[in-house]
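Worksheet: the structure to be examined is printed underneath.
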Amino acid sequence: MPELPEVETLVRGLQPIVGTTIAAVEIHDARLTVSADQLCGASLRDVRRRGKYVLLGLEPHGDLVIHLRMSGRLCLDRSESEIPYTRMTITLDSGDSVYFVNPRRLGTVSLCPEGFDKPLGIEPVTAEFTAVVLEALAHASRTPIKQLLLDQRKIAGIGNIYAAEALWRAGLDPRRRSNSLDGEEISALHAGITSVLSEAIDQLGTTLGNSVSDYRPSGAASGTYQNHLAVYGRENKPCERCGATIRRVIQAGRSTCFCPACQT
DNA sequence: CTTGTACCCTGACCGC
DNA sequence: TGCGGTCAGGGTACAA
């Protein structure tokens with residue numbers, strides 16, 4: 001569910017817990033690989049994001065690593081209101097609690113005592129991510145460009161929604177081989193990626209529905225980028241750029257919506 | 001090395 | 001109303 005903009009919004013919303021100390025932990029899912037003993041008494045040095053991962057830096061050392069996958073949520077709240085599917089509750093000495101809500105139990109929580117070290121690709125909303133970098137990644141691969149964008153080892157944080165949206169902005173067919181893109185197309189794709197991600201962050205991400213598994217930012221009813229989606233979830237609707245009918249194809253088991261007329 | 005498939009889970013939605 | 005099939009913001013462990 002959450003992609004880079006949603007996780008970024010979440011991490012910003014969690015900043016108030018920096019400097020607090022973990023007072024108690026309840027775990028309601030045996031699949032989670034952490035234990036209360038490992039966390040109680042640690043203080044929170046920082047809260048940051050890497051790709052789609054949420055990292056809670058612990059004092060004196062280590063990171064609590066959380067990935068929300070398709071349906072997970074992290075909520076910061078002072079209320080006792082019981083959210084269904086809460087699999088872990090971290091109570092802080094400030095009185096706040098962090099709730100890990102994970103309906104499908106696809107999300108993961110783990111402790112990295114030496115710090116998070118997963119080899120993820122470049123962060124796409126930094127100055128280091130240039131068209132030249134993207135070109136090098138694309139030219140080294142013959143995989144369809146949609147799948148390259150989803151490969152977290154190459155670029156960290158893009159998911160199914162923003163991959164489709166970036167390709168629409170760039171006017172590129174998602175099935176194109178990565179190494180077939182020329183310089184102009186790479187530049188358009190770079191602009192598409194960076195613009196869609198930054199705009200989505202400004203909109204606090206995309207909230208797709210009202211179920212318990214739907215992402216929503218803290219302190220707001222929902223993100224609002226869903227109101228700006230050009231292709232994602234718009235199969236059989238008209239392309240707002242050229243009027244043709246949006247189509248859906250399956251690539252590597254995942255849907256991609258695109259405009260067959262103006263994405264070439 | 002790369003590419004494809006099954007799988008992990010649960011809920012929403014659609015057609016019958 | 002109920003049932004079965006399909007789909008979903010993701011990643012991993014395999015097989016080929």
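A, B, ... follow the sequence lines: proteins, then strands. Residue 1 opens every chain. Note that the structure is predicted; figures quoted are calculated from it, not measured.
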Problem set entry | With Arg104(A) via side chain to side chain contact (heavy atoms under 4.5 Å, CB included) - residues at least two apart |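 For Arg104(A), the residues satisfying side chain to side chain contact (heavy atoms under 4.5 Å, CB included) (neighbours in sequence not counted) are Met70(A), Ser71(A), Leu106(A).
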For this session: Please identify each residue that fulfils side chain to side chain contact (heavy atoms under 4.5 Å, CB included) with Ser94(A), with sequence neighbours left out.
Result: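 With sequence neighbours excluded, Ser94(A) shows a side chain to side chain contact (heavy atoms under 4.5 Å, CB included) to Thr20(A), Leu92(A), Asp96(A), given in chain and number order.
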Exercise. Heavy atoms under 4.0 Å, any strand shown: does Ser255(A) hit a base, just sugar-phosphate, or nothing?
Worked result: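 The residue Ser255(A) makes sugar-phosphate contact but no base contact.
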For this session: Scan Arg248(A) against the nucleic acid and name what it touches under 4.0 Å (heavy atoms): base, sugar-phosphate only, or nothing.
Result: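 Since only primed, P, OP1 and OP2 atoms lie under 4.0 Å of Arg248(A), the category is sugar-phosphate.
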Problem set entry | Minimal non-hydrogen separation, Arg73(A) against Ser213(A), with atom names |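 What the structure gives for the nearest pair is CD-C, 4.4 Å.
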Exercise. Quick one: does Ser255(A)'s side chain get under 4.5 Å of Ile250(A)'s, heavy atoms only?
Worked result: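 Result yes, sub-4.5 Å side-chain heavy-atom pair found.
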Problem set entry | Among dG10(C), dT12(C), dA8(C), the nucleotide that comes nearest once only the side chain of Tyr232(A) is considered |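 Selected nucleotide: dA8(C).
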For this session: Can you check each nucleotide of nucleotides 2-8 of chain B against protein heavy atoms at under 4.0 Å and return B for base, S for sugar-phosphate only, - for none, in 5' to 3' order?
Result: -SS---B
Problem set entry | Nucleotide-level pairing of DNA chain C, given in dot-bracket where Watson-Crick and G-U pairs need both distances under 3.5 Å and | marks other strands | .|||||||.|||||||
Problem set entry | Reported NE2-to-SG distance for the pair His61(A) and Cys112(A), which is rounded to 0.5 angstrom |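 Rounded to the nearest 0.5 Å, the NE2-SG separation comes out at 12.5 Å.
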Problem set entry | Residues clustering with Val231(A) (ILVMFWY side chains joined when closer than 4.5 Å, directly or via others) |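 Result for Val231(A) is Trp168(A), Ile246(A).
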Problem set entry | Thr224(A) side chain to Gln203(A) side chain, donor-acceptor N/O pair below 3.5 angstrom |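 Yes, because at least one side-chain N or O of Thr224(A) sits under 3.5 Å from a partner of the opposite role on Gln203(A).
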Exercise. How would you list all residue pairs meeting side-chain hydrogen bond (donor to acceptor under 3.5 Å, both in side chains) that involve residues 129-144 of chain A, not counting sequence neighbours?
Worked result: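 Applying side-chain hydrogen bond (donor to acceptor under 3.5 Å, both in side chains) to every pair that reaches into residues 129-144 of chain A, excluding sequence neighbours, yields nothing.
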What's the [atom1]-[atom2] distance between [X] and [N], to the nearest Å?
X         : N       : atom1 : atom2 : result
Arg254(A) : dT12(C) : CZ    : P     : 13 Å
Tyr215(A) : dA8(C)  : OH    : P     : 21 Å
Leu150(A) : dG10(C) : CG    : C1'   : 9 Å
Asp151(A) : dT12(C) : CG    : P     : 10 Å
Asn236(A) : dC14(B) : CG    : P     : 14 Å
Leu10(A)  : dG9(C)  : CG    : C1'   : 13 Å
Arg73(A)  : dG10(C) : CZ    : C1'   : 18 Å
Glu235(A) : dC13(B) : CD    : C1'   : 15 Å

Exercise. What interatomic distance, in whole Å, is found between P of dA12(B) and the corresponding atom of dT1(C)?
Worked result: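 Their P atoms lie roughly 16 Å apart.
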Problem set entry | dT6(C) versus dA6(B) - spacing of their P atoms, nearest Å |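 Between the two P atoms, the distance is 13 Å.
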Exercise. How are the rings of Tyr162(A) and Tyr225(A) set relative to one another: parallel (under 30°), tilted (30 to 60°) or perpendicular (over 60°)?
Worked result: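 Geometry flag for Tyr225(A) against Tyr162(A): tilted rings.
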Problem set entry | Syn or anti for dG4(C) (syn when the glycosidic angle lies within 90° of 0) |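 Anti conformation for dG4(C).
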Problem set entry | Under-4.0 Å side-chain N/O to phosphate OP1/OP2 contact, Lys52(A) with dG11(C) |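 Answer is yes, contact under 4.0 Å.
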Exercise. Using a cut-off of less than 4.0 Å, is there contact between a side-chain N or O of His67(A) and OP1 or OP2 of dG11(C)?
Worked result: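 For His67(A), the contact criterion (side-chain N or O under 4.0 Å from OP1 or OP2 of dG11(C)) is met.
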Exercise. Can you name the one residue among Leu56(A), Asp46(A), Val54(A) that meets side-chain contact (heavy atoms from CB on, under 4.5 Å) with Val11(A)?
Worked result: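 Going through the options one by one, the only one that passes is Val54(A).
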